[in-house]
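Reading through the structure tokens given below for one structure.
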Amino acid sequence: MSLWEYANPQKFMQLSRWVLPFVAAASVLCLVIGLAWGFFWTPDDYKQGSTVKIFYLHVPAAMMAINAWVMMLVTSLVWLIRRHHVSALAAKAAAPVGLTFTLIALATGALWGQPMWGTWWAWDPRLTSFLILALFYLGYIALWQAVDDPDTAADLTSVLCIVGSVFALLSRYAVNFWNQGLHQGASLSLDKKENVADVFWYPALVCIAGFVLLFISLVLLRTRTEIRSRRLGALLARERMG
Amino acid sequence: MMPELGKYAGAVLGSYAASLGLIVALVAWSLWRSAKVRRTLAEVEARAAKAAALKAKAKKHG
């Protein structure tokens, strides 16, 4: 059995119909547990006070905003190289989900930044690259809508996705490239000394799992819709031709 | 039960409201569009099957 079998729309529909309810239920469970744990049962930070509770939304959303683009990059490359329609449709399905996570990261960042930095916004490397990433998401979604032929739209959006990947990577590593700006360094690290304290880390880990599972659920659901929509378009075109 | 958020209550509660609002809107939109496309596809498939059956019948009867 090969992974490429799932590039067949029928195989994908069969597998996703079975997997989707489990992933969706696990995502709801992780989000409810993680967010309730973080909000109700973790202490305030000695420096940032109760604003540390924003961490459980801001960090997972920012991580998924970048990772969603990386997933779109991989599926776009699969489309360009192997011409599997499901991969192009999966990239299309992921874009609004990635945009929503980017908007959550930007909104929670502004709400967190105001009391901590004294400003809602600064032209800081990480913030600016995140704003550009949000604009790339919008451009990517608009390009899919603007081109009538689905294969041409998939080609053009794949190229845009490759170009936008520079900003997705920049969003991730901006704090390492430039030691300037207001945004702090990465909060999470595999090095225990640099990572946040366990009391914040464990609920954050559950929230990250919830965001990852939510992303997978929504991409599966939306890809199924895109596959049906493609079939609908083909049937309507056949009907018109008599 | 409710934690003491102090002077940052607006920022914390605003963050949770904005994030959960965006997530709920995205999930609702995705489910609504999925149901709409599925319903329309079922209608068009039924129409196509009916047309194919009529065509086959007409062919059989010359």
Side-chain angles (χ1 to χ4, degrees), chain A residues 24 27-28 31 35 38-44 48-58 60-61 93 96-97 99-101 103-116 210-211 214 217-222 224-236 238-239 242, chain B:
Chain A
S27 110
V28 171
L31 283 174
L35 291 176
F39 188 84
F40 292 106
W41 298 295
T42 56
D44 289 353
Q48 306 190 52
S50 62
T51 61
V52 74
K53 295 184 192 301
I54 300 173
F55 172 74
Y56 307 108
L57 291 162
H58 181 73
V97 188
L99 174 64
T100 305
F101 289 147
L103 292 178
I104 291 174
L106 285 169
T108 53
L111 284 162
W112 199 354
Q114 212 288 325
M116 291 300 107
F211 271 76
L214 177 67
S217 314
L218 284 169
V219 170
L220 287 177
L221 172 71
R222 296 178 65 87
R224 288 170 63 80
T225 305
E226 292 301 335
I227 290 171
R228 287 198 179 106
S229 178
R230 181 71 69 98
R231 175 163 166 72
L232 178 63
L235 284 175
L236 287 173
R238 200 185 297 170
E239 236 180 33
Chain B
M1 183 67 182
M2 185 73 180
E4 183 53 56
L5 301 172
K7 59 182 177 178
Y8 302 129
V12 176
L13 295 176
S15 294
Y16 277 75
S19 304
L20 296 179
L22 280 167
I23 290 172
V24 168
L26 176 69
V27 171
W29 173 47
S30 303
L31 288 172
W32 172 79
R33 186 160 174 262
S34 165
K36 189 183 160 202
V37 169
R38 195 180 353 196
R39 202 173 43 241
T40 315
L41 180 61
E43 283 168 15
V44 174
E45 276 180 336
R47 222 159 50 210
K50 209 173 166 183
L54 280 174
K55 214 172 173 181
K57 203 175 171 186
K59 208 172 178 182
K60 197 177 170 186
H61 294 291

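For the numbers below, each heavy atom of this structure counts, side chains included, while hydrogens, waters and symmetry mates do not. In what follows, every chain begins at residue 1, and chains take the letters A, B, ... in the order their sequences are listed.
Closest non-hydrogen pair, Leu26(B) versus Leu218(A), comes out as CD2-CD1, 3.5 Å.
Counting heavy atoms from C-beta on, the side chains of Leu221(A) and Val27(B) never come closer than 4.5 Å. For the pair Phe101(A) and Leu22(B), the minimum side-chain heavy-atom distance is 4.5 Å or more.
Proximity to chain B (any heavy atom under 4.5 Å) is shown, for Val52(A), by neither the backbone nor the side chain. Proximity to chain A is limited to the side chain of Leu20(B), based on heavy atoms less than 4.5 angstrom apart. Neither the backbone nor the side chain of Leu31(A) comes within contact range of chain B, judged by heavy atoms closer than 4.5 Å.
Every residue was checked against the side chain to side chain contact (heavy atoms under 4.5 Å, CB included) condition with Ala107(A), not counting sequence neighbours, and none meets it.
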If you check both backbone and side chains, which donor-acceptor pairs between chain B and chain A fall under 3.5 Å?
from: Leu5(B); atom 1: O; to: Ser50(A); atom 2: OG; distance (Å): 2.8
from: Tyr16(B); atom 1: OH; to: Lys53(A); atom 2: O; distance (Å): 2.8
from: Ser30(B); atom 1: OG; to: Arg222(A); atom 2: NH1; distance (Å): 2.8
from: Arg33(B); atom 1: NH1; to: Glu226(A); atom 2: OE2; distance (Å): 3.0
from: Glu45(B); atom 1: OE2; to: Arg231(A); atom 2: NE; distance (Å): 2.6
from: Glu45(B); atom 1: OE2; to: Arg231(A); atom 2: NH2; distance (Å): 2.9
from: Arg47(B); atom 1: NE; to: Glu239(A); atom 2: OE2; distance (Å): 2.8
from: Arg47(B); atom 1: NH2; to: Glu239(A); atom 2: OE1; distance (Å): 2.9
from: Arg47(B); atom 1: NH2; to: Glu239(A); atom 2: OE2; distance (Å): 3.2

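A distance of 4.0 Å separates CD1 of Ile23(B) from CZ of Phe211(A), quoted to the nearest 0.5 Å.
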